[in-house]
Every structure is written in structure tokens, then in C-alpha cells.
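Remember, predicted model here, so these are calculated numbers, not experimental data.
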Amino acid sequence: MNLSRSSSRRTTALVSLSAAAALALAGCGGSSGGSSGGSSGGGGDKPIVGLITKTDTNPFFVKMKEGAQQAADKAGLTLQSFAGKQDGDNEAQVQAIENLISAGAKGILITPSDSKAIVPEIDKAKQAGMLVVALDTPTDPADAVDATFATDNFQAGLLIGQWAKSKLGAQAASAKIAMLDLNANQVSVDVQRDQGFLKGFGVDVADQAKIGDENDPRIVGHDVTDGAEEGGRTAMENLLQKDPGITLVYTINEPAAAGAYQALKAAGKDKSVTIVSVDGGCPGVQAVKAGQIGATSQQYPLKMAQQGVDAVAAFAKDGTKPQTTAGKNFVDTGVTLITDQAQPGVESKDTAFGLQNCWG
């Protein structure tokens, strides 16, 4: 989820957040004529598909845009892409949908910055006859869109929770856990990863749809990161002040993990604390290989976007709508636990596999 994943690749170091801010509504057109800021920009009579991501500097969303462009070119569609200034910029996404409605787009692919607040605008797009597909982050309610192509984020969290419990062994019963979440909005991806991790580790989560209501003494506390390196560092510093004896850190994504690692290293605790995360970006997998992250759940943004564009192409052709994965209310694009410290009973792949399938 997604989620902010701004980074620059380093071979054995963790991801560094780019200083460049994403441009609001930065329209980047398809290769066949291109578009800008919601205009068709020379796309001719080709149907328009819109891609609206949370940011445009985040490698996860860069890869998503790459997949969308590849699929649009293959299907003969014109891609118009938009992004917010930062994760949580709902207003930019509202304006992007308005632009796409005005442009007569056949469909929209969106990674919602605010799963609830964007729903009224999505309703407008559907009333205009557009297919609306959520990528990575479900809307709230999930059926506000025609389909969701995403990682099973609860499963992603569950895997790293199970792995951490197994790795800590007997020490899991007395672990001190720092929870580095996304933001205060309780976006569905944030909730699912957080709650999946806790369940995998054996914590009673109380209301599975809510972050922070568990009553387990092992939880030192929750703090927010905005899915960014700086936020992860600050959140980790805050929680270390609360309890310097933290032994396990859950992070919403790998940039947050990068910041957490930096804070732990500055405090001389990087060798004694285990970090787990979700993303599977190349810098994050390198961090797993270097031992800075213990395990991460890898997701596949290129696949999400390609399948989403294919769904819009099919809808534009004959009105066909995508079918969900059996037993789920979304199209599951897969998740794989990546670690070089395999644990009994927890299915995983090593970093060699992770690097072959990573992004960013």
C-alpha cells in the first residue's frame, strides 16, 4: 500500500527518502500522444484510463505507473496519471477524478489516500459510466469500487507476525513491541497490516477493524510515520523514549523501517532489535539481505496496475467487469515473505528470490 515508499537504491543500506515532493495532480500521459493534468493531450480516439496514486515519487507507485503504461500501450488506451502531494492528500485525488470525468475516461485506477473520504467522488465517476478499480488500498466500504486489485494486506502482516514469533521463540512471551503505523486516518491497508501482524504474533487484537485497542502488555505503543523514512525515525525515537527496552519493531512499510533502523542504530540498539516490514522493494530486500530488516512481505505493484488496466480495457470493449479471487472480496495479486532466516512452519523465500522480483 500501500503507502509512501520514496527511496533511492543503495546496495546494503536501507532506503533513503527522496527530498523531492510529489506534484499535485501531476498528469503524465501515455506514450501514444501523452496527457497532462487530465486533458487527452493528443490521445486521439483511444479510450482514456486514469491512474491516481498517492504520490509520484514513491518507487511503489512509480512501478505501478510503469505497469499501467505498459498495459495501456498494449491495449491501445491513453493513460492519464495523477498523484497527490503526499500520502493522505485526498483533495488532490478528488480533483483528479473530476478531471477524468471531464475527459470522458472509460475507467479509473486509484490508490485511495483516504479510503472513506474519496467514496463520494468515486460514486460520481461510476454514475458517469466509468469502471473504478482500487489498487493496493481498498476503499471503505470495499464495494464502493467495481473491483480491487491488491495484496492481501492482512496476510502480509500475518506472515511477518508469525515469522517474528517463531524467531523470538521463548522470548516472544516477554517481547516489547513498537508499532510504527501509517497515520491517524486508520486507512484499510494500515489497519490490515497492523492487525495481521499482531494476530500472527499471538496478540488479541480486540476489534480487528481498529488499530490500537489491544490490551497486551507487550505493546509499548503505536506511533505514526506517514510511511516515510523521517517519520519512521521520529516514531522510533518517541517509542524508545517511552521504553528503551524495545525488542521488536513492526513497520507499515520499508521507508518507515529505514527510519526506525537509523534511530535504533543511533541508540546503539540495531543489533538487539528485530524489525519486520511490508513492501518488497529492492532497497528493502537489500536491507533484509544486510540483516537490517529481519523479514518483509513482498507485494507486486506492477502486476496490480497491469491487471487493473486490462480490466478497464475489457470494460471499454464490452462492459465486462472483473471477478474477485475465490473466497475473497478482491483480486489477490499475491504476497511472499522474504527472509534469509527461514522459520519452521512459516512459508518464505530468500533474498535471492526477493531481488529477482523486487521493484524500485
More than 12 non-hydrogen atoms from neighbouring residues, nucleotides or ligands closer than 6.0 Å to [atom1] on [X], yes or no?
| X | atom1 | answer |
| --- | --- | --- |
| Glu347 | CD | no |
| Asn215 | CG | no |
| Lys126 | NZ | yes |

For the hydrophobic clusters of this structure (ILVMFWY residues joined by side-chain heavy atoms under 4.5 Å, transitively), does one cluster hold both [X] and [Y]?
| X | Y | answer |
| --- | --- | --- |
| Leu337 | Leu198 | yes |
| Ile252 | Ile211 | no |
| Ile338 | Val276 | no |
| Leu248 | Val203 | yes |

Do side-chain atoms of [X] reach the backbone of [Y] as a donor and acceptor pair under 3.5 angstrom?
| X | Y | answer |
| --- | --- | --- |
| Thr351 | Val285 | no |
| Asp350 | Phe353 | yes |
| Lys242 | Val220 | yes |
| Arg218 | Ala172 | yes |
| Gln162 | Phe201 | no |
| Glu254 | Gly280 | yes |
| Ser272 | Lys269 | yes |
| Asp207 | Ala209 | yes |
| Thr251 | Asn253 | yes |
| Thr148 | Phe330 | no |

Please determine, by modelled atom types, if [X] and [Y] share a side-chain donor-acceptor pair under 3.5 angstrom.
| X | Y | value |
| --- | --- | --- |
| Gln306 | Asp310 | no |
| Ser113 | Asp89 | no |
| Glu229 | Gln262 | yes |
| Tyr250 | Ser277 | no |
| Asp318 | Thr320 | yes |
| Gln86 | Thr55 | no |
| Asn183 | Asp226 | no |
| Thr137 | Lys54 | yes |

#### Entry: Residues that Asp140 engages under side chain to side chain donor-acceptor pair (under 3.5 Å), provided they are two or more places apart
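For Asp140, no residue satisfies side chain to side chain donor-acceptor pair (under 3.5 Å) once neighbours in sequence are set aside.
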
### Task
Step by step, work out the side-chain hydrogen bond (donor to acceptor under 3.5 Å, both in side chains) result for Gln307 and Thr333.
CA-CA 9 Å; Gln307 291 186 355; Thr333 55; over 6 Å; no

### Query
Should the pair Glu121-Lys124 be classified as a salt bridge under the 4.0 Å nitrogen-to-oxygen rule?
yes

### Query
Is it true that Lys328 and Asp332 have a side-chain N and a carboxylate O under 4.0 angstrom from each other?
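Yes.
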
### Message
Before you tell me yes or no, could you show the steps for Val249 and Leu180 under side-chain contact (heavy atoms from CB on, under 4.5 Å), namely the whole-Å CA-CA distance, both residues' side-chain angles and the distance that decides it to 0.1 Å?
### Response
CA-CA 7 Å; Val249 180; Leu180 273 59; 4.0 Å; yes

Ignoring hydrogens, what is the shortest heavy-atom contact between [X] and [Y]? Give both atom names and the distance.
| X | Y | result |
| --- | --- | --- |
| Lys65 | Leu51 | CA-CD2, 3.5 Å |
| Gly67 | Ala305 | C-CB, 4.1 Å |
| Gln93 | Pro112 | OE1-CA, 3.5 Å |
| Ala311 | Leu131 | O-CD2, 3.7 Å |
| Ala263 | Leu240 | O-CD1, 4.2 Å |
| Val288 | Gly294 | CG1-O, 3.9 Å |

With heavy-atom distances below 4.5 Å as the criterion, would you say the side chains of [X] and [Y] are in contact?
| X | Y | value |
| --- | --- | --- |
| Ile246 | Leu239 | yes |
| Leu182 | Val224 | no |
| Thr111 | Ile52 | no |
| Phe315 | Pro322 | no |
| Gln299 | Phe60 | yes |
| Thr247 | Gln171 | no |
| Val49 | Gln80 | no |
| Lys303 | Phe149 | no |

### Query
Would Asp123 and Gln127 satisfy side-chain hydrogen bond (donor to acceptor under 3.5 Å, both in side chains), going step by step from the backbone distance to the final call?
CA-CA 6 Å; Asp123 288 342; Gln127 290 166 15; 5.6 Å; no

### Task
Kindly compute the distance separating CG (Asp270) from OH (Tyr261), expressed to the nearest 0.5 Å.
4.5 Å

### Message
Could you go through Arg233 and Glu230, starting from their C-alpha distance and side-chain angles, then the distance that decides it, and tell me whether this counts as salt bridge (charged side-chain N to carboxylate O under 4.0 Å, His left out)?
### Response
CA-CA 5 Å; Arg233 182 170 56 248; Glu230 182 178 355; 5.3 Å; no

#### Entry: Stepwise side-chain contact (heavy atoms from CB on, under 4.5 Å) test for Thr274 and Lys167
CA-CA 9 Å; Thr274 298; Lys167 181 179 184 299; 3.6 Å; yes

### Residues Asp204, Glu214; criterion side-chain contact (heavy atoms from CB on, under 4.5 Å); working and verdict
CA-CA 6 Å; Asp204 182 357; Glu214 67 277 345; over 6 Å; no

### Message
If you apply the rule side-chain contact (heavy atoms from CB on, under 4.5 Å), what do you find for Ile118 with Ile110, and how did you get there?
### Response
CA-CA 10 Å; Ile118 198 62; Ile110 183 169; 3.9 Å; yes

### Query
Hey, which of Leu135, Asp56, Thr53 is the one that makes side-chain contact (heavy atoms from CB on, under 4.5 Å) with Phe61?
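Testing each of Leu135, Asp56, Thr53 against Phe61, the sole residue satisfying side-chain contact (heavy atoms from CB on, under 4.5 Å) is Thr53.
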
### Task
Quickly, which of Leu158, Val278, Ile177 forms a side-chain contact (heavy atoms from CB on, under 4.5 Å) with Phe197? Name it, please.
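Answer after filtering Leu158, Val278, Ile177: Ile177.
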
### Task
Output, in order, the C-alpha distance, side-chain angles, deciding distance and verdict of side-chain hydrogen bond (donor to acceptor under 3.5 Å, both in side chains) for Gln186 and Asp190.
CA-CA 6 Å; Gln186 301 237 0; Asp190 197 14; over 6 Å; no

